[in-house]
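A short write-up of the structure that comes next.
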Amino acid sequence: VVALGKLGGREMTAASDLDLIVLYDFDEKKGESSGKRPLSGAQYYARFTQRLLAALSAPTAEGTLYEVDFRLRPSGKSGPLATNIDAFVAYQAKDAWTWEHMALTRARVIAGDKSLIARAEKEIAKVLATRRDPKKTRKAVLEMRAIVEEEKGGGGPWDLKQTPGGLVDIEFIAQYLELIHGSDKPAVLSTETDAVLTKAAEAGLLKPKEADVLLPALRLYQALTQILRLCLDEVFDPDTAPRGMKSLLARAAALPDFATLDRAVRETEQAVRQSFERVIGKVSATGADRAQLRYRDRGED
């Protein structure tokens, strides 16, 4: 079982879903299970994954246990829930798009047979250590950011994840650095955004002035997001939010009052977007059509 997204990056909030991929392998010479009703390997692991999904998303008196998302698997939402590891390896090597490798930077194997875990980790590391064309990678990352911004970036400055200069900008910078430097500087690889940026700065791949913007911004966004996700189902609106909640947010940011925090958030977002443009480039929707079609077909978040 491979965790991606917030679970893979150890950055979950109260509202996070579980982004998962299930990989399997079996002895081709013993192609069926040994129970009373033998199943082929593919059937067996498909049913196993369905049961895993049912257990993780079970309804409880307090609501659904977890929302579970398997759409980052190679076949997307249209294919089987479980993937043979050989098919996974072939897909990543030949067919995966840059944004899928960006998602793979957060892949962390969390359960399974020891030998299969070892192979999965080895294969994921191999993908991330592939030498890439920096210009093509930069173009693909900018196209992907343009799509996400167009579809989800209109929530205003307190949509801390999606707004220009928000959390997604920082995550994209980290993932971009991993993809273009994973081959020559493998030490930069990590599933955790904070660790990637820290290692990149230490290795000289990220200028000190960028690290001085991005790391405090990441920690500020994460601290505020934990509270917002716990308290709200929608984007935070300062005009309607209770005074007590505003005070709680200001305390979480170690600032004297909400007005100071609000100003700091807006200034931070501006600084992060400027850093994004210096490290990767300016976001433009031009040329994003092909990536957009693939992204929407997969139904990704």
Side-chain angles (χ1 to χ4, degrees), residues 1-21 52-53 55-72 102-111 145 148-149 151-175 190-198 214-238 240-242 244-255 258 261-262 264-266 268-269 272 299-301:
V1 181
V2 183
L4 299 105
K6 295 298 184 186
L7 177 58
R10 296 185 172 88
E11 298 169 354
M12 289 185 67
T13 70
S16 294
D17 60 6
L18 305 182
D19 289 297
L20 300 176
I21 296 175
L52 175 65
L53 173 59
L56 292 173
S57 59
T60 73
E62 300 296 331
T64 301
L65 188 60
Y66 288 104
E67 297 291 338
V68 184
D69 193 342
F70 281 92
R71 290 179 295 178
L72 285 170
M102 291 170 66
L104 205 63
T105 63
R106 310 192 75 169
R108 181 166 60 90
V109 187
I110 57 174
R145 185 63 184 105
V148 175
E149 192 166 302
E151 295 190 350
K152 302 181 180 182
W158 276 93
D159 184 0
L160 299 177
K161 179 178 179 180
Q162 302 292 355
T163 195
L167 187 57
V168 169
D169 270 15
I170 300 176
E171 292 173 345
F172 270 45
I173 290 172
Q175 292 161 15
S190 173
T191 63
E192 300 175 42
T193 306
D194 194 305
V196 174
L197 297 175
T198 300
L214 297 172
L215 284 165
L218 174 65
R219 293 160 188 167
L220 173 65
Y221 293 159
Q222 288 177 337
L224 297 176
T225 298
Q226 288 291 352
I227 295 171
L228 293 172
R229 292 291 185 270
L230 184 63
C231 298
L232 298 173
D233 292 327
E234 64 279 344
V235 174
F236 173 74
D237 183 356
T240 60
M245 186 172 182
K246 292 181 181 180
S247 297
L248 179 61
L249 290 167
R251 290 199 301 274
L255 292 173
F258 181 79
L261 171 61
D262 186 57
V265 165
R266 295 167 189 267
T268 297
E269 289 168 354
V272 168
E300 305 304 348
D301 293 329

### Message
Do T163 and E269 make a side-chain contact, defined as non-hydrogen atoms from C-beta onward lying under 4.5 Å apart?
### Response
yes

### Query
Who passes salt bridge (Lys or Arg N to Asp or Glu O under 4.0 Å) against E171, sequence neighbours left out?
K6, R106

### Summary
The residue among V68, T64, D17 that forms side-chain contact (heavy atoms from CB on, under 4.5 Å) with L56 is V68

### Query
Would a 4.5 Å heavy-atom cut-off, applied to side chains only, mark L20 and D69 as touching?
no

### Message
For L7, is there any backbone N or O sitting under 3.5 Å from a side-chain donor or acceptor partner on R108?
### Response
yes

### Task
Look up atom CG in L167 and atom CG in L224, then write down how far apart they are to the nearest 0.5 Å.
11.0 Å

### Residue among T193, D169, V272 satisfying side-chain contact (heavy atoms from CB on, under 4.5 Å) with L214
V272

### Query
With sequence neighbours left out, what residues match D19 under salt bridge (Lys or Arg N to Asp or Glu O under 4.0 Å)?
none

#### Entry: T60 (side chain) donor-acceptor with G63 (main chain) under 3.5 angstrom
yes

## Note on the structure
For A252 and A223 the tightest heavy-atom approach is O-CB, 4.2 Å

### Task
Looking only at non-hydrogen atoms, find the nearest pair between L4 and A103 and report the distance.
CD2-O, 3.5 Å

### Message
Would you say the ring centers of W158 and Y221 fall short of 6.0 Å from each other?
### Response
no

### Query
Looking only at atom types and distance, does a side-chain atom of E11 sit under 3.5 Å from a main-chain N or O of Q222, one as donor and one as acceptor?
no

### Main-chain N/O of A264 paired to T268 side chain as donor or acceptor, under 3.5 Å
yes

### Query
Who pairs with R219 by salt bridge (Lys or Arg N to Asp or Glu O under 4.0 Å), at least two apart in sequence or on another chain?
D194

### Query
If you look at every heavy atom in A217 and I170, which pair is closest and at what distance?
CB-CD1, 3.9 Å

### Task
To the nearest 0.5 Å, tell me how far S57 OG sits from L52 CG.
9.0 Å

### Any donor-acceptor pair under 3.5 Å from T13 side chain to A15 backbone
yes

### Task
Taking salt bridge (Lys or Arg N to Asp or Glu O under 4.0 Å) as the test, write out the residues that go with E192, two or more places apart.
R10

### Task
Mind checking side-chain hydrogen bond (donor to acceptor under 3.5 Å, both in side chains) for T105 and listing every partner two or more places apart, or none if nothing turns up?
none

### Summary
Residues V196 and A174: closest non-hydrogen pair is CG1-O, 3.6 Å

### Message
With heavy-atom distances below 4.5 Å as the criterion, would you say the side chains of L215 and T198 are in contact?
### Response
yes

### Summary
Nearest heavy-atom approach of A250 to L261 is N-CD2, 3.7 Å

#### Entry: Side chain T191, main chain G8, donor-acceptor under 3.5 Å
yes

Which pairs of donor and acceptor atoms, one on a side chain in residues 228-237, lie under 3.5 Å apart (sequence neighbours left out)?
{"from": "D237", "atom 1": "OD1", "to": "D239", "atom 2": "N", "distance (Å)": "3.0"}

